[in-house]
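Below is one structure, written out as structure tokens; the observations come after it.
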Amino acid sequence: MRVTLHVDGAELAAEIDRPGESLLSTLRDRLGLTGSKNACEQGECGSCTVLLDGAPVCACLVATAQCEGREVKTVVGAVPRPVRDAFVQCGAVQCGFCTPGLLVSVADLLERDPDPGDAAIREALAGNLCRCTGYEKIIDAVHTAAATLAGERP
Amino acid sequence: MPEPAKTPTPPPWAAGGVGRAPDGEAAERVPVAAPGGQPPTRGVPTGRVPGGGVGDSPIRPEAESKVNGAFDYASDLAFEGMLWGHTLRSPHPRALIRSIDTAAALALPGVAAVLTAADVPGKLHYGLIEADQPVLAPGEVNYQGEPVAVVAAETLDLARRAAELVDVAYEVLEPRCDAGEAVEAGEYFRYQPVRLGEPVTADAAVVIAREYEVGMQDQAPLGPESGVAVPTGDGGLVLHVATQWLHSDLEQIAPCLGLAPERIHLAMAGIGGAFGAREDLSVQVHMAMLALRTGRPVKMMYDRAESFLGHVHRHPARMRYEHGADQDGRLVYVKAHIVLDGGAYASTTEAVVGNAASLAVGPYKVGHVSIDAWGARTNNPPCGAMRGFGGVQTCFAYESQMDAIADALGLDPLEVRRRNALAQGDKLVNGQVVDAYDPTRAVDGQPFSPLRDLLDRFADIPVPPIPAGRDIVELPGGTGNTTHGEGVRRGVGYGVGLKNICYSEGFDDYSTARVRLELDGATGEPVAYIHTAAAEVGQGHWNLQTQIARTELGVERVVLLPNDTKAGSAGSSSASRQSYMTGGAVKAACEAVRDLWQGRDLDDGPIEATRVFRHRATKPMDPVTGQGDSHVQLALCVHRATVDVDVELGLVKVVDLTCVQDVGKALNPVALEGQIHGGSAQGLGLAVMEEIVTDGGRVRNASFTDYLIPTILDTPPMRLRIVENADPEAPYGLRGAGEPPTLSSTPAIVAAIRDATGLPLTRVPVRPEHLTVRRPS
Ligand code: FES
Ligand code: FES
């Protein structure tokens, strides 16, 4: 079965031989797009978070077969520069394995809520596990990114 | 030799120019070498330190690649013509293997190899300290998840299906799962007593005797175990691995493959966290065997369930403590009986027992001690290194004891600790003198006490108030909407942790660095190249190396060469030792280069130096008395936890964690804070959530659905007070910082829950049922 996807702006086709193949597996193993990470394949860690037609999903829980013609944005295409910069500058990245998924979740949050408070940040990122940082600097980074993005808006 | 189809790590953009502090400050600092006043020419030292040196927080060299998806973790690697490997593991904690039939698996189209113990080319066992872990089970299995066979196939799916077709006839035996019974039966990896003076119960005004239990914690790094073995075509191999210690891997792998170590090249792949889980081998020998057999690159990658079975855990512990104190709360004696469950194979249990025994009393002064510590051999999952390494379990017990003494005497918990705090010149229970502080720091004629210093700093950090009109998300149970404040009680508690930094007990602990300074052919700027084998596990060690080079050489551009076994050993990224050890080696090599640079122009050619760095020698613990200067450096951390507990439902919300830690010298404040936050969160996990549950040796919760690690909702704001009491013997005065907060946050949180509930709570993790049963009304 052939599935066409729009990934980070490029139209890509994947040949799927298992009906249940996950979007994460297609991205990583078939298309070689390893930006999205696999840490559980159970929808528990958020490392694989991507935007599917603009909505954040765990790519490990979505069947590629359901994605025909749909738009997928990964860490490569979903994340505004100031969000990346904020993560880098605030020390929100240690081993970085959680980072691609977190960045996508943060991009989605700031799209919905340009100036989230701590409680809103915690709620929005509750599905993204990070084992390294204790989350403090991730919260700093979200505030920093929000401030920069606010400054950029006309 | 085939090159990876994608960029290997560390990235070539680990180059200079990224080393500026985010706000662009700190352009010039203290001169190091001093040809002051001379016009800076490009090939001679300028004597200036550019921004991004030691003490700054420059941006990590690999940060950009970690935020744009380009950083290659071990699980991201792919090679032309690559096969996938998979491991068949024992479903039984203990069994004999009567036969293995691989025919059906081999017959599956697309399967390239199925290997068992009979196919191991060299030695059948490996291990970090003692070679007792079978590469593949030879005739018997001793824990659930022990590797029995490995398969290579065209896809991972196919390899998994083939593994299911391997027919293993087991004769199931009764597993030994009780660590106490194992010790009774003489089944243990190490017994270490500590004896000091004569503990006599009658001499104490207060006697506190309690039993404590610590559950089995998992490191749960997010990056799964993974790697690729690539045959070189001449019988050798390149192994791309994510490991904490390349050279130790090589030493263990080569004999099992029957290859000379020179035939195997280990290249570091990107590491998705470690915390001790990457000390022992996982995929290394298996994928190498499959690659040698098939002549093709073989990749292995565990899924989460396999990861839980495929690496060692933190030792669960049962501890019986008796503390005797005088009327003023000063310790008279301590007795402790500590049983750690090492599981089926040795791993690092021996060293963990040494830490548990020598740190069993914590940073407190006591003249009479009788400690017995064992590391039992059972059929439970093997246990080994995890952040805190033998210091965590006893810390929970001794801190709980200190609180109980305070309670019994009506003392403030900080006061009882202050009265017993070790000071400069005092001895630990192993007889080692606390000496690594500035001797001029005496206070009121009293020797300086590093612990008292930390405890006193809480005076001006207030406990957060209970806000009026809280939102339910701030209450225990959160959006579960389980309470609107009724039944919720606040509690505050303290915990102190004492951790040894670097390898103890006479281990020859060293690291190696090669530094080369040359002019960039295009720009004519001096560039420092650093080559080490030190693992960047996320702690920021690569960044620190560049900072040291900028500070010592005064150059802006620093390039890190890939970590591999062509460099000398760096030792492990564990024991909070890498800043001290590889930091020390890079510093020494830079100093050597700097000396050679004086009076020389780089136009005349590059300057290079290699240095091996060792910390001061330590001694093994005496096998009978436990005495001996076994530790290199001691590091202290104190936590204050504030919790809200819904005492009706047993739900806990950690509201605040405040940490005061002595780091000697902050080399990179941002990375340091990140280490303290992360370590504190792992201690929180042990306090209230994290436990691998076993039943008859079988793991019951090998998934993130059932093994809970703290989410952002479980983790409170963390206030830090970083103290710099320099260690005159350590590079820049630093103290290892990654582990101590993992020790102290657990007892602080449990103390706070005790404060809220009035329950004794002698076991971690604390579960809801521990709080709702036997609750005093
Ligand atoms: S890999 Fe998809 S949620 Fe963990
Ligand atoms: S930075 Fe390592 S898991 Fe988040």
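By convention in this document, chain letters (A, B, ...) are assigned in the order of the sequence lines, proteins followed by strands, and residues within each chain are numbered from 1. Predicted model, so just to flag it, every value in this text is computed and none were measured.
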Is [X] close to chain A through its backbone or its side chain, or both, or neither, when contacts mean heavy atoms under 4.5 Å?
X	value
B:Tyr302	neither
B:Ala671	neither
B:Glu474	neither
B:Val537	backbone

- Message: Tell me whether A:Glu44 contacts the main-chain N or O of B:Ser703 through its side chain, where contact means a donor paired with an acceptor under 3.5 Å.
- Response: no

- Task: With rounding to the nearest 0.5 Å, note down the distance linking CD in A:Gln94 to CD in B:Glu536.
- Result: 9.0 Å

- Message: Testing the basics here: between B:Leu222 and A:Ala39, what is the closest heavy-atom pair and its distance to 0.1 Å?
- Response: O-CB, 3.2 Å

- Query: If every non-hydrogen atom of A:Arg131 is compared with every non-hydrogen atom of B:Pro710, which pair is closest and at what distance?
  - Reply: NH1-CD, 3.8 Å

- Task: With a 4.5 Å cut-off on heavy-atom pairs, point out which of A:Glu123, A:Glu136, A:Glu41 contacts chain B the most.
- Result: A:Glu136

- Message: Can you tell me which of A:Val75, A:Leu129, A:Thr99 forms the most heavy-atom pairs within a distance under 4.5 Å of chain B?
- Response: A:Leu129

- Note on the structure: Scored by heavy-atom pairs under 4.5 Å with chain A, the best of B:Gly679, B:Pro717, B:Gly685, B:Pro716 is B:Pro717

- Please step through side chain to side chain contact (heavy atoms under 4.5 Å, CB included) for the pair B:Arg304 and A:Gln42, ending with a clear verdict. CA-CA 9 Å; B:Arg304 184 53 53 183; A:Gln42 281 194 326; 5.9 Å; no

